[in-house]
Number of protein chains: 2
Amino acid sequence: MEAENKGVKGSQLKNMIIKKLYFNKAMSCAGLSELFDKSIPSIAKAINELMHEGFVVEDGYAPSSGGRRPLMYSVKANAMYILAVALDQLTARIQLVDLLNNPVAEMRTFELKLHNNPDSLATLTAQIDDYIKNSGASKDKIAGIGIGMPGFINVTEGINYTYLDANGQSLTKYIEAKTGIVTYIDNDSSLIALAEQKFGIAKSQQEVMVINLGWGIGLGMIVNGKLFRGHTGFAGELSHIPLSEDGSLCDCGKRGCLEAEASLLVVAQKAIAGIKQGRVTSLKYNENDHSKLMGDAILEAANNGDQFAIELLSDAGYKIGKALAILIHIMNPATIVLSGRGARVAKILMAPIQQALHKYCIPRLSTGTELLVSELGFDAELIGAAVLVMENFDKSVKAKVAKSAKAAV
Amino acid sequence: MEAENKGVKGSQLKNMIIKKLYFNKAMSCAGLSELFDKSIPSIAKAINELMHEGFVVEDGYAPSSGGRRPLMYSVKANAMYILAVALDQLTARIQLVDLLNNPVAEMRTFELKLHNNPDSLATLTAQIDDYIKNSGASKDKIAGIGIGMPGFINVTEGINYTYLDANGQSLTKYIEAKTGIVTYIDNDSSLIALAEQKFGIAKSQQEVMVINLGWGIGLGMIVNGKLFRGHTGFAGELSHIPLSEDGSLCDCGKRGCLEAEASLLVVAQKAIAGIKQGRVTSLKYNENDHSKLMGDAILEAANNGDQFAIELLSDAGYKIGKALAILIHIMNPATIVLSGRGARVAKILMAPIQQALHKYCIPRLSTGTELLVSELGFDAELIGAAVLVMENFDKSVKAKVAKSAKAAV
DNA sequence: AAACTTTATTTATATTTTTATAAAGTTTTA
DNA sequence: TAAAACTTTATAAAAATATAAATAAAGTTT
């Protein structure tokens, strides 16, 4: 018990170092000393212990900045693993990665309908547990499970109010109980934002807004370098702000919501209506196709130059741009990232969005914000799920993992 | 030099304690130990030193929570003073307060036109310096100067891009050079928000939006318990978001801005137009009155039941409500506070604002946000200016003050 | 080559925390 | 109802920890 306690308190700094080295590639003792405001001997001691425990490795010398070259340290990729899970309305992805976010087992993809599916949670948990068993990785080595999912989510309690019902109980506690691994959940758009800020195009920016263009329109907000969720966790509801007085009716019951005017689902429906009216287009439509199939087809067609598809997307883009103008006025972000499924056609959307920004933004504000397109693409949510685990790493007591890793050396 | 260095590093904790005791009324060693994650002996030592130095006094025993009663400590009110300055477009207020925010010298109010006035900075600085001299307070005892002012402000550089030109140089450095006292500036709306969160109706809330209803419509944002300013310091530009497609032309060059539809200045102009058209009202208008006089008259008349004034304010309130609906969707704040000049008629504004929220907000979001009216009123900006100084207290090296206070004991 | 920088290590010093003890309450229970 | 048992807070000593200073090492710049 004595040694246990000592470990917990004393490993605080070590966990902070592991976390930092996960996010940065490599750092020197001097750099870490500066960063954490600890003396170099303290850092050196912690680093040495971490090397003995198998968490950290030397990583060569960095170029001199006018003096002795610093010896860099990196995290040892296979010291721990992270289980990343990404859900959308219909499909689930599971992927075990190492501390460099590289896959250490094949990704598993399977159908998982979230809407009106009371078994979804049990199915997901069973799949996760089975995936881990198959991966051959020791549960002790898994730093945590991170799950991204659509819906209104209470991050601290681990509850999703929209999907994956656990009788109002904590989803994360349920999964932790079944798997024995610390679990974190968050909204898909939030995780995409996290991925973009930590490993994507908005790397190390402090104020980042990430638009998740999909069947809906999500917003993940990074404020002050951290995920922002608002007072009750519902911040970033960009898709239901009142954009126009006379727009079409939205699922939420209001009129003129962005989502009811510019989401991929709505664009698909408009396309179907257009085809029925005989619009000239390369798009085909069979009566038994569902709208989502059409959505993907539109993205494809637009990228191939189909005029009708481009017109529909431009229209949507302009409305998105108007919403972004509002967002810029309120948040004054450094960066807005277009991400999610719709990022495929970001080049087409860019022009009408910029046009709307010019019309609706005070120049002083629009000049301060850079509009970028995600490079992570479909991987963003999975990376974000992994990041979520490591974001919480210094808070979670991973002395357990530390001990087992020591034994493994 | 040895003792000097020791003081600087070691006084970090002491400065943090002073800051905390400024914001909280009284705290125990145990409480501070918990808060700062320092051992009780460390806190006790720091507290004892602070008492010897004359910064902290014992403040009686708090009720027991099931054990020995904690001895509480408070900041000694006259250990330091803060100089608070509040500017609006036309008038300046200067007020020296102690660490309980109580006045220690009479408030000075004087005309200071900010617009097109190259002398404004020199005048202000001279007034500040003269005020301090007259107050009889030793400059060594003044923890800092905090100034709230309208305009686009770069807080870190201390520059106001709109008013108080110092040839593009730092305002704060200029004032520091002339007075010899650390100086901080911030936007008036931001300081009002700070005041509301620290000593006002939104006390200790983490996510607070404060609407500064005045000649314009300002927004001060508290995010994650701290003032939020955005990437380039321009966050919170609520007054220029595109609210309607066909609204009247705004100063900013766009159409349909909130400010062009619902600010007190616009309401006054509408009132004048109405009177000229012969509307029945108790309001009087002389051709040589300027709109701002009318603005105050409208608030008065509305509170006295004048139908026309109430109608005009209700109309403005509804538009403000629509903007707040957008703000709630994006920020999901715990609290929205109506503050500034217009808070006088907040009761009249409340109804149309709530009506707009019901129309434009998803219920899940509007229920999570409380709409409140400021109780600080006209003092808010001054209190915020004082708070600004103490917010930065732990960062500024106040060992100097600490030493002089010691000598004074 | 000399002077300066930056980084790393060692040792002596200073600081902080833990542990033990006491003090001052409240709650439980006999 | 009073004593026993438990809580919370405070203090003083010993033990653990972190830091500063000195020194060395490895570069760059003058």
Side-chain angles (χ1 to χ4, degrees), chain A residues 1-17 20-21 24-53 56-74 399 402, chain B residues 1-17 20-21 24-53 56-74 399 402:
Chain A
M1 185 198 139
E2 200 182 326
E4 200 91 351
N5 268 341
K6 221 166 76 180
V8 171
K9 247 291 185 187
S11 70
Q12 187 68 29
L13 178 62
K14 291 200 274 180
N15 285 341
M16 286 163 68
I17 291 174
K20 189 67 198 173
L21 291 180
N24 289 37
K25 252 168 59 93
M27 291 201 76
S28 67
C29 279
L32 289 165
S33 164
E34 176 87 356
L35 181 71
F36 293 129
D37 198 27
K38 292 273 162 187
S39 69
I40 291 180
S42 297
I43 299 289
K45 189 188 161 207
I47 284 278
N48 274 322
E49 285 177 27
L50 284 169
M51 286 205 295
H52 278 267
E53 288 162 10
V56 167
V57 289
E58 291 185 354
D59 198 17
Y61 289 92
S64 165
S65 65
R68 178 170 169 172
R69 296 182 313 179
L71 179 53
M72 307 303 279
Y73 299 92
S74 291
Chain B
M1 185 196 137
E2 198 183 330
E4 200 92 349
N5 268 339
K6 223 166 79 179
V8 172
K9 246 292 185 185
S11 70
Q12 186 69 30
L13 178 62
K14 291 201 272 181
N15 285 342
M16 286 164 68
I17 291 174
K20 189 68 198 173
L21 291 180
N24 289 38
K25 252 167 59 93
M27 291 201 76
S28 67
C29 280
L32 289 165
S33 164
E34 176 86 357
L35 181 72
F36 293 130
D37 199 28
K38 293 272 162 191
S39 70
I40 291 179
S42 297
I43 300 290
K45 188 189 162 207
I47 285 278
N48 274 322
E49 287 178 25
L50 284 170
M51 287 205 296
H52 278 265
E53 288 161 11
V56 166
V57 288
E58 292 186 353
D59 197 18
Y61 289 91
S64 165
S65 64
R68 177 169 169 173
R69 296 183 312 180
L71 180 54
M72 306 302 279
Y73 299 92
S74 290

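Each chain gets a letter, A, B and so on, in the order its sequence line appears, and its residues count up from 1.
The interatomic distance linking B/Ile40 (CD1) with C/dA20 (C1') rounds to 14 Å, in whole Å. Between the CD atom of A/Glu34 and the C1' atom of C/dT7 there is a distance of 13 Å, rounded to whole Å. Between the P atom of D/dT9 and the CG atom of B/Leu32 lies a distance of 12 Å, rounded to the nearest Å. Distance CE (B/Met72) to C1' (D/dT9): 12 Å, rounded to an integer number of Å. Taking atom NZ on B/Lys45 and atom P on D/dA10, their separation rounds to 18 Å, with Å as the unit. What separates CD1 of B/Ile43 from C1' of D/dA12 is a distance of 18 Å, to the nearest Å. To the nearest angstrom, C1' of C/dA8 lies 16 Å from CE of A/Met27. The separation between A/Asp37 atom CG and D/dT19 atom P is 8 Å, rounded to whole Å.
Listed pair B/Lys38 / C/dT16 fails the phosphate criterion, with no side-chain N or O lying under 4.0 Å from OP1 or OP2. In terms of phosphate contacts, A/Ser42 brings no side-chain nitrogen or oxygen within less than 4.0 Å of OP1 or OP2 of D/dA18. OP1 or OP2 of D/dG27 has at least one side-chain nitrogen or oxygen of A/Arg69 nearer than 4.0 Å.
Here B/Leu71 lies in heavy-atom contact (under 4.0 Å) with sugar-phosphate atoms only.
For A/Ser39, counting side-chain heavy atoms from C-beta on, the closest listed nucleotide (C/dT18, D/dA10, D/dT19) is D/dT19.
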Anything under 3.5 Å between a protein N or O and an N or O of nucleotides 10-13 of chain C, put it in a table, one pair a line.
none

Pairwise N/O distances under 3.5 Å, protein to nucleotides 2-4 of chain D:
none

Donor-acceptor list for residues 39-49 of chain A side chains, cut-off 3.5 Å, not counting sequence neighbours:
unit_1, atom_1, unit_2, atom_2, d
A/Ser39, OG, A/Ser42, N, 3.4
A/Ser39, OG, A/Ser42, OG, 2.9
A/Asn48, ND2, A/Ala44, O, 3.2
A/Glu49, OE1, A/Lys14, NZ, 2.8

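Partners of B/Ser28 by side chain to side chain donor-acceptor pair (under 3.5 Å), not counting sequence neighbours: none found. Annotation: side chain to side chain contact (heavy atoms under 4.5 Å, CB included) contacts of A/Arg68 (sequence neighbours excluded): none. With sequence neighbours left out, the side chain to side chain contact (heavy atoms under 4.5 Å, CB included) criterion links B/Glu58 to B/Met51, B/Leu71, B/Tyr73. Considering only residues two or more places apart in sequence or on other chains, B/Ser74 meets the side chain to side chain donor-acceptor pair (under 3.5 Å) condition with B/Asp59.
Taken from CE in B/Met27 to CZ in B/Phe36, the straight-line distance is 7.5 Å, to the nearest 0.5 Å. For the atom pair A/Ile17 CD1 and A/Lys38 NZ, the distance stands at 10.5 Å (nearest 0.5 Å). B/Leu32 contributes atom CG, which lies 10.0 Å from atom CE of B/Met16 (distance to the nearest 0.5 angstrom).
Of the residues in residues 56-68 of chain A, those with a non-hydrogen atom less than 4.0 angstrom from any atom of DNA chain D are A/Ser64, A/Gly66, A/Gly67, A/Arg68.
Two residues are said to be in side-chain contact when any heavy atoms from C-beta on lie closer than 4.5 Å; A/Arg69 and A/Ser64 meet this criterion.
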Next item on the list: Under the side-chain contact (heavy atoms from CB on, under 4.5 Å) rule, what do B/Met72 and B/Tyr61 come out as? Steps first, then yes or no, please.
Entry: CA-CA 6 Å; B/Met72 306 302 279; B/Tyr61 289 91; over 6 Å; no
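Taking a pair as Watson-Crick or G-U with both hydrogen-bonding distances under 3.5 Å, the stems of three or more pairs touching DNA chain D are C:1-30 with D:1-30.
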